[in-house]
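To start, the structure itself, in structure tokens.
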Amino acid sequence: MENFDLIVIGGGPGGYLAAERAAQAGLKTLLFEKNALGGVCLNEGCIPSKALLHSAKTYLHALHAEAYGVHTENVTLDQAKVIARKKKVVKTLVSGVEAKMRQHKVTVIKDEAVIAGKGAEGFQVKSASGTYTGKKLIIATGSSSVVPPIPGVKENLGSFVLTNREVL
């Protein structure tokens, strides 16, 4: 069982920044993230949606450029390139978070974490890779989409009912 000064559960903006700051302050820090570093914001929410909106606005400006004295012909939108750009933006930012964790020597475990209890040495957190002890614990598990309890909605999630995960 490995001991840490701080264990952070959740690698979204709250979790990875807390882990980074703790490591900068000299704490031996462990960060758990079951999906991708950056959490929902970087991977399935804020950042991808902003990248898609930027492409849409650029397209709209090109369509109406003549009003500004700019002449364009045959303006088209290449959806595959729009998606590729969005993925590149996300990958760049996630890679930056990973680099920050390495730079500050934060131990990152890409696995689901379960709080097993608290003993004399601190909080015990288990994952498939083992059991870890931390003097302090931050739970930064972020957000999840709410699916309203309307008949047929939950059963059709992913087909015609979409959350941010399915859309992006």
Side-chain angles (χ1 to χ4, degrees), residues 1-59 61 78-147 157-158 161-168:
M1 181 165 22
E2 196 170 353
N3 294 322
F4 290 86
D5 296 314
L6 175 67
I7 296 176
V8 181
I9 300 174
Y16 75 73
L17 284 172
E20 179 183 349
R21 297 299 189 273
Q24 286 174 329
L27 299 178
K28 184 178 177 186
T29 306
L30 170 63
L31 173 66
F32 282 99
E33 173 52 52
K34 68 180 178 180
N35 294 317
L37 279 177
V40 170
C41 183
L42 256 63
N43 293 284
E44 302 165 338
C46 311
I47 300 304
S49 64
K50 301 297 184 286
L52 293 173
L53 282 170
H54 182 74
S55 292
K57 286 179 183 178
T58 301
Y59 176 65
H61 287 293
D78 185 335
Q79 186 67 11
K81 284 187 179 180
V82 169
I83 298 301
R85 179 183 174 276
K86 177 209 49 133
K87 288 179 180 180
K88 183 179 178 186
V89 168
V90 169
K91 183 179 179 182
T92 299
L93 293 176
V94 170
S95 295
V97 172
E98 290 170 346
K100 284 279 192 185
M101 296 302 100
R102 282 191 305 275
Q103 176 187 356
H104 296 294
K105 297 178 176 53
V106 173
T107 301
V108 177
I109 296 178
K110 291 187 178 179
D111 197 3
E112 188 169 335
V114 176
I115 301 167
K118 185 177 181 193
E121 294 181 17
F123 296 93
Q124 283 81 44
V125 178
K126 292 183 179 183
S127 75
S129 61
T131 301
Y132 305 87
T133 300
K135 293 176 189 170
K136 301 287 182 183
L137 175 68
I138 294 176
I139 302 169
T141 52
S143 64
S144 60
S145 300
V146 173
V147 179
L157 191 60
V161 176
L162 306 174
T163 70
N164 59 305
R165 281 204 164 94
E166 291 83 18
V167 168
L168 297 171

Can you name the side-chain contact (heavy atoms from CB on, under 4.5 Å) partners of [X], sequence neighbours left out?
{"X": "Val161", "result": "Val153, Asn156, Leu157"}
{"X": "Ser55", "result": "Val82, Arg85"}
{"X": "Ala23", "result": "Thr29, His104, Val106"}
{"X": "Leu93", "result": "Leu42, Ile47, Val89"}

#### Entry: Heavy-atom check, side chain of Val40 versus side chain of Asn35, under 4.5 Å
no
### Query
Is any side-chain heavy atom of Glu2 less than 4.5 Å from a side-chain heavy atom of Thr133?
no
### Query
What residues form a side-chain hydrogen bond (donor to acceptor under 3.5 Å, both in side chains) with Ser129, not counting sequence neighbours?
Ser127, Tyr132
### Query
Excluding sequence neighbours, so at least two apart, what forms side-chain hydrogen bond (donor to acceptor under 3.5 Å, both in side chains) with Thr163?
Glu166
Quiz: residues 4-14 side-chain donor-acceptor pairs under 3.5 angstrom, not counting sequence neighbours:
| from | atom 1 | to | atom 2 | distance (Å) |
| --- | --- | --- | --- | --- |
| Asp5 | OD1 | Lys135 | NZ | 3.4 |
| Asp5 | OD2 | Lys28 | N | 2.7 |

### Task
Provide the full list of salt bridge (charged side-chain N to carboxylate O under 4.0 Å, His left out) pairs with a residue in residues 94-103, sequence neighbours left out, each pair given once.
Glu20-Lys100, Glu98-Lys110
Output a table of donor-acceptor pairs, distance under 3.5 Å, between side-chain atoms of residues 117-125 and any protein atom two or more places apart or on a different chain; print 'none' if there are none.
| from | atom 1 | to | atom 2 | distance (Å) |
| --- | --- | --- | --- | --- |
| Gln124 | OE1 | Gly119 | N | 3.3 |
| Gln124 | NE2 | Gly122 | O | 3.1 |

### Message
Nearest 0.5 Å, please: how far is CZ in Phe32 from NZ in Lys126?
### Response
12.0 Å
### Message
With rounding to the nearest 0.5 angstrom, report the CG to CD1 distance, Leu31 to Ile109.
### Response
9.0 Å
### Query
side chain to side chain contact (heavy atoms under 4.5 Å, CB included) between Arg21 and Gln24: does it pass, once the steps are laid out?
CA-CA 5 Å; Arg21 297 299 189 273; Gln24 286 174 329; 3.3 Å; yes
#### Entry: Closest non-hydrogen atom pair, Cys46 against Cys41
SG-SG, 2.9 Å
### Task
Output, in order, the C-alpha distance, side-chain angles, deciding distance and verdict of side chain to side chain contact (heavy atoms under 4.5 Å, CB included) for Asp111 and Lys34.
CA-CA 4 Å; Asp111 197 3; Lys34 68 180 178 180; 5.9 Å; no
### Task
Can you tell me which residue pairs pass the side-chain hydrogen bond (donor to acceptor under 3.5 Å, both in side chains) test with a partner in residues 40-49, sequence neighbours excluded?
Glu44-Arg165
### Query
Are there more than 12 heavy atoms of other residues, nucleotides or ligands under 6.0 Å from atom CG of Leu17?
yes
